[in-house]
Amino acid sequence: MGWLGPEEWQAVALSLRVSLVATLVSLPLGVFVAHALARWRFPGHALLNGLVHLPLILPPVVTGYLLLLTFGAQGPMGRVLEALGMSIAFRWTGAALAAGIMAFPLMVRAIRLSIEAVDPRLEEAAATLGAPRARVFATVTLPLILPGVLAGAVLAFAKAMGEFGATITFVSNIPGQTQTLPSAVYAFLQVPGREDSAIRLVLVSVAIAMAALVLSELLARRMARRVAGG
Amino acid sequence: MGWLGPEEWQAVALSLRVSLVATLVSLPLGVFVAHALARWRFPGHALLNGLVHLPLILPPVVTGYLLLLTFGAQGPMGRVLEALGMSIAFRWTGAALAAGIMAFPLMVRAIRLSIEAVDPRLEEAAATLGAPRARVFATVTLPLILPGVLAGAVLAFAKAMGEFGATITFVSNIPGQTQTLPSAVYAFLQVPGREDSAIRLVLVSVAIAMAALVLSELLARRMARRVAGG
Amino acid sequence: RADSLLVFAAASTRDAMDEIATLFEGESGHDVTFSYAGSSVLARQIQNGAPADVFLSANTAWMDVLEEGGLIAAGSRRDLLGNTLVLIAHDPEAAPVDLAAGDFATRLGEGYLAMALVDAVPAGMYGKAALAHLGIWDRIAGQVAQADNVRAALALVSTGAAPFGVVYGSDAVADPGVSVVATFPGDSHPPITYPVAVIAGHDRPAVTAFLSFLTTEAAGAVFEAQGFTLPGR
Amino acid sequence: MSLEVALRHRLAGLALDVAFDAPAGVTSLFGRSGAGKTTVINAVAGLFRPDHARIVAGGEVLADSDAGIWLPPHRRRVGYVFQEGRLFPHLDVRRNLDYGRRASGAPQDAAGFDRVVGMLGIGGLLDRRPARLSGGEKQRVAIGRALLMQPRLLLLDEPLAALDEPRKAEILPFLERIRDEASVPILHVSHSAAEVARLATTVVMIDAGRVIASGPASVVLSDPSLAPTGVRAVGAVLSARVVAHHDDGLSEIDAGGVPLMLPRVAQAPGTALRIRIAAHDVILSREVPVGLSALNTLAGTIEAIHTGEGPGAIVSVATPAGHLLARLTRRSVTRLGLAPGQRCHAILKSVAIAPEDVGTGPA
Amino acid sequence: MSLEVALRHRLAGLALDVAFDAPAGVTSLFGRSGAGKTTVINAVAGLFRPDHARIVAGGEVLADSDAGIWLPPHRRRVGYVFQEGRLFPHLDVRRNLDYGRRASGAPQDAAGFDRVVGMLGIGGLLDRRPARLSGGEKQRVAIGRALLMQPRLLLLDEPLAALDEPRKAEILPFLERIRDEASVPILHVSHSAAEVARLATTVVMIDAGRVIASGPASVVLSDPSLAPTGVRAVGAVLSARVVAHHDDGLSEIDAGGVPLMLPRVAQAPGTALRIRIAAHDVILSREVPVGLSALNTLAGTIEAIHTGEGPGAIVSVATPAGHLLARLTRRSVTRLGLAPGQRCHAILKSVAIAPEDVGTGPA
Ligand SMILES: Nc1ncnc2c1ncn2[C@@H]1O[C@H](COP(=O)(O)OP(=O)(O)OP(=O)(O)O)[C@@H](O)[C@H]1O
Ligand SMILES: Nc1ncnc2c1ncn2[C@@H]1O[C@H](COP(=O)(O)OP(=O)(O)OP(=O)(O)O)[C@@H](O)[C@H]1O
Ligand code: MOO
Ligand SMILES: [Mg+2]
Ligand SMILES: [Mg+2]
């Protein structure tokens with residue numbers, strides 16, 4: 001398509017990949033953390049909760065900077081990953097990490113709210129039927145919170161599609177490697193007279209995120225209808 | 001306190017004010033929109049939903065730029081407000097608008113999830129007892145979703161405390177008027193060797209947001225306990 | 001043998017650098033990739049092991065930091081570009097402003113003057129120095145709207161949110177929504193320079209060739225067309 | 001005040017097509033599990049909107065699909081006791097009870113409140129939230145909540161199923177008083193024939209979404225061919241009047257000129273009563289019985305003998321007190337040589353007539 | 001298999017302090033609303049942890065607070081039918097029923113599944129979700145779900161309250177079979193004396209959180225001084241045996257050598273039965289009664305006469321079939337001149353003995 005140049009298509013493809021991977025990889029952890037925060041009492045509960053919300057509170061640039069310090073060549077995690085041959089700094093995997101971390105609080109909050117809304121008496125009933133905690137979760141809690149998980153995932157995906165500050169600070173803006181849609185938009189906005197290119201990219205990103213939103217609404221409504229028996 | 005300079009304290013105070021006002025003012029609208037999205041079917045449902053999520057999807061700079069076009073001195077809304085003597089461009093109120101808009105999707109999502117979790121049979125029961133829709137909402141739905149409203153508000157507050165891109169693009173950085181904590185942090189990060197100042201400010205903002213989080217957790221737990229009768 | 005280069009460049013140089021890279025690739029057969037971002041961001045990434053071969057900074061202070069840290073190849077640093085500092089107005093018919101006469105404060109009236117962050121971002125720091133030098137700063141300091149970068153300051157003026165702004169000449173050239181009403185005298189602020197250097201350990205032949213290419217006539221023409229100045233000329 | 005209901009709708013498990021008139025008093029929907037009783041009640045409350053509906057309460061049209069009328073639930077003023085509680089979990093019992101009054105903006109009525117609370121035995125629970133109530137306590141609060149909203153129509157979906165006998169015995173007279181004094185019509189679902197016989201003015205039998213019989217309780221419940229909920233529901237309902245209370249705790253009543261003795265009826269002499277006499281509690285004798293502990297005998301004439309598939313037979317006996325039904329074994333019918341037209345004596349034990357079988361009001 | 005329960009706990013509305021042994025068979029917790037029955041059952045299921053608890057089922061210690069033992073619910077293998085359904089809303093009826101089997105990894109048992117489904121009459125609902133079921137349908141699915149998990153202990157909290165009589169009559173024999181054949185002990189809560197009398201091996205009467213009586217059903221239920229749930233719960237439980245089925249639909253049974261006729265009992269000759277005879281269904285006569293429709297008379301000796309506050313008296317009569325209780329009015333006692341030691345005849349109507357009053361197994 002002549003509308004976007006090859007480098008721009010690359011940014012679109014990369015953003016999609018980064019956001020999808022960030023969302024899908026963090027989803028199980030998100031569900032786990034949300035469940036822990038919603039249903040367990042343990043020392044460090046408040047600490048974990050705070051930690052999860054940190055990326056929301058910090059200016060994204062700061063989060064990116066902290067990631068750079070941690071996962072950069074000199075950083076503690078960076079050295080470890082380097083030694084394992086799995087360096088993520090300045091790779092698309094790093095962009096996914098940044099996007100995932102920035103989106104994590106949104107995902108966890110959404111899932112946690114759904115878990116808190118599940119009637120614990122149903123979980124009790126499952127326990128009396130012989131299901132241990134993990135099975136109760138998998139067969140009762142999880143199916144009942146699917147709409148919330150979906151909402152959380154889509155929220156996270158949308159956030160990941162729009163994430164810029166942390167990503168560009170952490171993994172820079174290398175086309176094909178780490179240049180996501182928002183980074184490309186930023187780069188265009190820095191050059192006089194390239195606003196039109198920026199706007200085209202913005203429209204693409206809005207279209208993608210909207211499609212994800214509409215799809216998730218439809219799915220969620222279907223799930224809800226099945227449970228309500230309407 | 002000698003730890004922060006007067007201009008920095010000013011930024012802290014301003015960020016608090018901006019975030020609080022943004023959260024509190026948008027809260028009723030957030031509850032309304034969340035309720036409409038959760039419980040009503042109307043044409044334009046998907047459109048409204050998309051619109052609400054837009055600030056999440058767009059890179060913040062783009063949101064800020066769109067705000068500038070709309071509410072700036074030459075923008076359509078800007079002219080109207082100007083005529084009313086209520087211009088918000090370059091004012092802290094503009095910063096609050098930017099923060100509120102950026103935080104709005106998070107707030108609405110959280111509240112919407114809680115509304116969807118309310119058993120509609122309780123609302124039906126209230127209706128048979130003579131309560132019209134608005135009263136049902138105020139006396140049954142709203143009290144039951146308070147934990148979710150609280151979660152949404154705190155999420156929005158935290159996001160507002162960290163918002164930077166849209167704010168600085170829209171209202172720029174005028175010390176005492178629009179220089180929020182993240183703008184100040186950003187400025188320090190631009191200058192070699194000022195990371196320590198940046199970190200001090202970040203710590204302040206983290207402390208504030210964490211306090212809000214912990215407080216909201218305690219409140220939510222108390223509400224939940226009262227309903228569960230534990 | 002064809003090589004691949006990764007160049008970290010200040011975002012404001014994008015259009016010129018893209019064009020020059022195409023010329024260089026055609027000539028040398030090498031492949032050039034850019035990462036455009038704010039100079040401070042790029043410098044920090046280089047400090048933390050970014051795989052950049054070349055750094056083009058809009059900010060001498062950050063290049064100094066890298067140099068002191070031994071992160072750039074010895075002797076590779078040079079001042080590649082210069083720029084001018086101009087006063088712009090939203091109104092296309094705005095009358096020129098005589099900066100020396102000190103009547104700017106009156107012209108500004110109640111309005112805002114858009115600049116980049118005056119203590120953090122080079123364009124803002126140059127602008128503050130110039131305004132101070134001209135004795136205007138103290139009278140208008142409270143009306144300065146500081147953007148996070150110079151392009152955002154430009155946007156404030158071109159959208160009409162602020163009637164005036166201080167930006168680089170290269171920015172003003174490209175934006176038809178603003179008119180230049182004054183140019184700050186070169187001696188009113190420290191010289192505006194964009195240093196470039198090879199990153200330590202990356203001085204491969206292709207990299208050195210690229211750096212040399214940046215100072216060719218062809219490259220210079222591109223830079224000038226974008227409103228940059230070439231030092232020493 | 002009367003109620004007129006006509007509904008048509010198709011559901012996954014049910015083709016609903018019912019129409020009935022409910023005159024003043026209590027109308028009981030009687031029928032097996034899954035017959036469609038709750039569905040009908042929900043439509044009357046405005047919570048379920050069938051394809052076709054016409055519902056008129058006391059002259060006001062609540063729904064008329066032909067005219068496009070569908071009043072929302074909050075404008076119907078019907079008190080609904082749900083089959084499954086539905087108390088507001090965030091409100092304590094007091095505010096649950098008060099919900100309807102506040103919603104309608106009616107003034108406080110401390111006396112009425114206390115009366116209902118006392119009758120339901122929930123005075124000690126007022127400050128508790130529903131999560132801390134037992135099953136029966138929840139149900140009592142739900143009943144109180146519906147009563148206290150001053151409804152013009154009460155919908156009771158198995159309101160007493162979770163309650164023990166003494167509690168039922170306390171609540172039933174209260175419902176009767178609402179029926180008789182406040183003249184609030186009641187639409188009522190129950191699986192208990194005794195409860196239906198005692199309360200119902202009209203019985204509507206529903207089976208698989210259709211009305212299979214409807215009419216005065218005394219007629220429908222004594223029709224032995226209609227026993228969707230079991231033959232033990234068969235019985236006669238007599239009209240009577242309190243005559244006097246005797247010192248030994250018995251009350252003398254008059255049923256069509258025949259004196260009967262019942263365990264103390266808590267009504268003043270002169271009060272009209274309706275007494276359900278279950279068919280399986282009546283013994284027939286050809287001779288005047290002597291030396292029996294049962295206090296009440298009624299002479300009468302056998303009108304008809306229905307025999308069905310099983311070992312039982314229902315003998316209907318015309319007595320001056322009204323028609324009585326007796327369920328006997330076919331063997332007894334043969335042994336005693338019973339036949340229509342014959343004279344016989346019906347024997348009733350005073351104590352076999354349970355308090356829940358004795359209601360106020362004419363049958 | 002037996003169950004041993006001892007609990008102590010303080011709640012807002014209740015000071016719980018109960019201890020009872022439940023031998024094999026059915027143990028019914030009987031008591032008024034709010035007495036603490038559900039609380040006890042929850043503790044046995046592991047859902048409510050009292051301050052002090054010792055619960056031993058079939059030799060295995062489920063809880064012992066002194067030893068710090070508290071088995072989590074999923075390791076107790078107790079089938080629990082909750083007072084309020086608790087079906088999984090996201091699963092259809094089939095998968096609700098199958099939940100317990102899958103959770104325990106037991107192999108499919110199509111025959112057992114079909115038998116339970118058939119007995120509960122829910123074959124047509126298997127693909128429906130709970131939101132589309134009626135109240136009674138939900139309860140039947142909940143019963144099936146608990147039965148199909150192969151529990152070693154069944155907890156039934158008012159399982160039949162929402163069901164109509166014919167459905168109850170279908171389900172009760174099934175519960176009896178579980179009690180007798182699978183020897184699964186059952187802890188059961190009900191407000192219905194008939195249900196308790198029919199099912200219970202042992203009755204534990206609870207009032208305000210304390211056990212006020214416990215023992216064999218035949219003893220506890222015939223104690224007229226214990227009637228927390230109303231005097232109509234009083235009755236005797238007789239042991240009997242099926243002798244023969246007659247052509248006219250009656251079954252002849254033998255109760256301690258006395259032949260009695262009942263409406264067809266669906267059990268083979270030789271089967272042991274337990275028959276509840278409600279005190280208010282018994283008529284006493286000084287003479288041998290003649291010409292009555294009632295088929296069963298038992299000669300006996302009056303043992304005791306309890307008179308209380310009310311107009312009634314309970315007369316206990318020793319007969320060869322066992323102790324019978326008769327509830328009469330005090331006036332009848334006087335009129336007939338009844339006194340301990342006297343001979344008399346107890347008259348029972350065949351049909352007054354409801355199917356729900358006749359259970360299998362020894363009393
Ligand atoms: N939303 C629904 N969709 C499809 N079928 C439904 C729905 N709700 C109820 N049904 C079916 O309609 C029938 C009637 O249900 P209803 O709740 O009216 O029964 P009921 O007479 O109140 O029974 P019960 O005495 O058991 O409460 C049942 O077979 C039920 O399965
Ligand atoms: N969580 C709780 N906190 C305080 N009190 C409670 C709590 N749960 C129950 N109760 C009280 O304990 C008492 C016993 O409750 P329980 O549910 O065991 O009664 P029940 O015998 O099952 O009654 P029902 O027959 O009405 O179901 C009731 O008075 C109830 O109000
Ligand atoms: O402020 Mo943002 O939300 O990512 O840059
Ligand atoms: Mg129903
Ligand atoms: Mg209970």
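First the proteins, then the strands, lettered A, B, ... as listed; each starts at 1.
Taking 4.5 Å as the limit, some side-chain heavy atom of B/L189 sits within range of a side-chain heavy atom of A/V61. Between A/L56 and B/L106 there is a side-chain heavy-atom pair separated by less than 4.5 Å.
The minimum heavy-atom distance between B/P59 and A/P182, with the atom names listed, is CG-CB, 3.8 Å. Scanning both residues, B/M210 and A/L51, for their nearest heavy atoms gives CE-N, 4.4 Å. Scanning all heavy atoms of the two residues, the minimum distance from A/G162 to B/P60 falls at O-CD, 4.2 Å.
For the set B/P120, B/A198, B/G50, the entry with the most heavy-atom pairs within less than 4.5 Å of chain A is B/G50. Annotation: maximal heavy-atom pairing with chain B below 4.5 Å, among A/V118, A/I208, A/L58, A/V185, occurs at A/L58. In terms of heavy-atom pairs under 4.5 angstrom with chain A, the leader among B/V206, B/L37, B/V214 is B/V206. For the set A/V62, A/V202, A/L155, the count of heavy-atom pairs under 4.5 angstrom toward chain B peaks at A/L155.
Atom CG of residue B/L54 and atom CG of residue A/L213 lie 9.5 Å apart, to the nearest 0.5 angstrom. The line from CG of A/L113 to CD1 of B/I115 is 11.5 Å long, rounded to the nearest 0.5 Å.
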Go through chain A and chain B and list any donor-acceptor pairs closer than 3.5 Å, backbone and side chains both.
residue	atom	partner	partner atom	Å
A/N49	ND2	B/E217	OE2	3.0
A/R112	NH1	B/E217	OE2	2.8
A/R112	NH2	B/E217	OE1	2.8
A/R112	NH2	B/E217	OE2	3.3
A/E217	OE1	B/R112	NH2	2.8
A/E217	OE2	B/N49	ND2	3.0
A/E217	OE2	B/R112	NH1	2.8
A/E217	OE2	B/R112	NH2	3.2

